[in-house]
Amino acid sequence: MARSTAGKGIYYGWFVLAACAFALFMSNGARGGVGVFIVPFTDEFGWSRGSLSLAIAVGWGVNGLTQPFLGRIYDRLGGRIVISVSLVFLGLCTMLLNRTENLWFFMLVYGVLMSTATAGVSLVTVHALLAKWFYRKRGLVLGISSAGSMAGSMIMVPFATYMIIWVGWRLTWVALGAFI
């Protein structure tokens with residue numbers, strides 16, 4: 001007679017899902033909230049919206065170009081290492097944005113470093129990790145993790161807006177980085 005594993009506790013994969021959804025929540029929320037910093041940057045530094053948009057576009061391009069490379073590293077080292085290191089690097093880069101004084105620094109940190117780190121904590125890497133944990137409920141799990149990503153933009157962008165109003169844009173970058 002075969003033994004049933006049902007009723008022996010909570011499946012550990014659900015904890016992995018919760019951690020991944022939260023990681024996506026924070027990474028997408030911090031990176032996607034850059035739009036609320038445009039007005040403070042234009043007010044303080046006199047940068048045009050076009051130059052800021054260029055830096056953001058560079059970031060999206062770098063993110064797309066680094067995905068295959070981080071996928072290869074993921075295949076070699078595993079999801080736990082790639083996602084964890086990317087989150088730490090993303091948090092540090094986010095905090096480093098409070099030191100912004102010129103457009104080139106912003107383009108380097110946001111457009112290159114932060115966007116590369118975000119590629120390591122993306123739907124691509126997280127879904128690859130979750131697919132190893134879930135077979136029967138894979139569609140549900142991937143949907144929940146994707147919802148975590150979108151909830152990051154929905155919640156963190158207004159939060160960043162209020163933080164900018166209360167404490168200024170420099171401390172807001174530090175707070176977002178600390179949350180990550």
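Just so it is clear, the model here is predicted, and its values are computed rather than measured. Position 1 is the first residue of the sequence; numbering continues from there.
Cluster partners of Leu92, using a side-chain heavy-atom cutoff of under 4.5 Å among ILVMFWY residues and allowing indirect links, are Val88.
Residues Ser86 and Gly120 come closest through the heavy atom pair OG-CA, 3.3 Å. Residues Pro158 and Ser153 share a closest heavy-atom pair of CD-O, 3.9 Å. Closest approach of Leu87 to Ile180, counting heavy atoms only: O-CG2, 3.3 Å. Scanning all heavy atoms of the two residues, the minimum distance from Gly177 to Thr94 falls at N-CG2, 3.5 Å. Across every non-hydrogen atom of Thr116 and Val112, the tightest pair is OG1-O, 2.7 Å. Across all their heavy atoms, Ser146 and Leu123 have their closest contact at OG-CD2, 3.9 Å.
In terms of the side-chain hydrogen bond (donor to acceptor under 3.5 Å, both in side chains) criterion, residue partners of Ser48 (sequence neighbours excluded) are, by chain and number, Ser51. Taking the side-chain contact (heavy atoms from CB on, under 4.5 Å) definition, one finds that Tyr135 meets it with Arg138, sequence neighbours left out. Partners of Arg170 under the salt bridge (Lys or Arg N to Asp or Glu O under 4.0 Å) rule, at least two apart in sequence or in another chain, are Glu44, Glu101. Every residue two or more places apart in sequence or in another chain was checked for a side-chain hydrogen bond (donor to acceptor under 3.5 Å, both in side chains) with Ser53, and none qualifies. With sequence neighbours excluded, no residue satisfies side-chain contact (heavy atoms from CB on, under 4.5 Å) with Pro68. Every residue two or more places apart in sequence or in another chain was checked for a side-chain contact (heavy atoms from CB on, under 4.5 Å) with Leu65, and none qualifies. Checked against side-chain hydrogen bond (donor to acceptor under 3.5 Å, both in side chains), Ser115 has the following partners two or more places apart in sequence or in another chain: Arg31. A search for ring-ring contact (aromatic ring centres under 6.0 Å, His included) contacts involving Phe179 returns Phe159, not counting sequence neighbours. Listed by chain and residue number, Phe106 satisfy the ring-ring contact (aromatic ring centres under 6.0 Å, His included) test with Tyr110 (two or more places apart in sequence, or in another chain).
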Steps toward side chain to side chain contact (heavy atoms under 4.5 Å, CB included) verdict (Val36, Trp169): CA-CA 9 Å; Val36 299; Trp169 66 269; over 6 Å; no
One pair to check against side chain to side chain contact (heavy atoms under 4.5 Å, CB included): Val121 and Val82. What are the steps and the verdict? CA-CA 8 Å; Val121 189; Val82 171; over 6 Å; no
What verdict does the side chain to side chain contact (heavy atoms under 4.5 Å, CB included) test give for Leu130 and Leu17, after you've listed the backbone C-alpha separation in whole Å, the side-chain angles of each residue and the deciding distance to 0.1 Å? CA-CA 7 Å; Leu130 291 172; Leu17 169 63; 3.9 Å; yes
Checking side chain to side chain contact (heavy atoms under 4.5 Å, CB included) for the pair Leu77/Ile73: CA distance, chi angles, key distance, verdict? CA-CA 6 Å; Leu77 302 177; Ile73 294 170; 3.7 Å; yes
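Thr172 places none of its side-chain heavy atoms less than 4.5 Å from the side chain of Thr161.
Atom OG of residue Ser149 and atom CD1 of residue Ile144 lie 14.0 Å apart, to the nearest 0.5 angstrom. Separating the CG atom in Leu176 from the CG atom in Leu171 is a distance of 10.0 Å, to the nearest 0.5 Å. Here the CE atom belonging to Met107 is positioned 10.0 Å from the CD1 atom belonging to Ile56, to the nearest 0.5 angstrom. The distance from the CH2 atom of Trp173 to the CG atom of Leu97 is 5.0 Å, given to the nearest 0.5 Å. Between Met114 atom CE and Leu108 atom CG the span is 12.5 Å, to the nearest 0.5 Å. Taking CD1 of Ile38 as the reference point, atom CZ of Arg49 lies at 7.0 Å (rounded to 0.5 Å).
Applying the side chain to side chain donor-acceptor pair (under 3.5 Å) definition to pairs two or more places apart or across chains, those involving residues 56-65 are Asn63-Gln67. Applying the ring-ring contact (aromatic ring centres under 6.0 Å, His included) definition to pairs two or more places apart or across chains, none involves residues 65-86.
Without hydrogens or angle criteria, Ser27 side chain to Thr118 main chain gives no donor-acceptor distance under 3.5 Å. A donor-acceptor pair under 3.5 Å is absent between the side-chain atoms of Ser84 and the main chain of Ile81, judged by distance alone. Checking side-chain atoms of Ser122 against main-chain N and O of Ala119 turns up a donor-acceptor pair under 3.5 Å.
Note: the hydrophobic cluster containing Val34 also contains Tyr162 (ILVMFWY, side chain heavy atoms under 4.5 Å, direct or indirect links). Met150 and Met26 are members of different hydrophobic clusters when ILVMFWY side chains are connected at heavy-atom separations under 4.5 Å. Under the 4.5 Å side-chain contact rule for hydrophobic residues, Leu52 and Phe105 share a cluster. Grouping the Ile, Leu, Val, Met, Phe, Trp and Tyr side chains by contacts below 4.5 angstrom, directly or via other members, places Ile165 with Phe37. Follow the hydrophobic side-chain contacts under 4.5 Å out from Val124 and you never reach Leu90; the two are in separate clusters.
Proximity of the aromatic rings of Phe41 and Trp47 is defined here by a centroid distance below 6.0 angstrom, and this criterion is met.
Ring planes of Phe134 and Tyr11: perpendicular class, angle over 60° (limits at 30 and 60°). Relative orientation of the Phe15 and Tyr12 rings is tilted, given thresholds of 30° and 60° on the angle between their planes. Note: Phe22 and Phe25 have parallel aromatic rings, judged against thresholds of 30 and 60 degrees for the angle between ring planes.
For Trp14, the CH2 atom is densely surrounded, since the number of other residues' heavy atoms within 6.0 Å is greater than 12.
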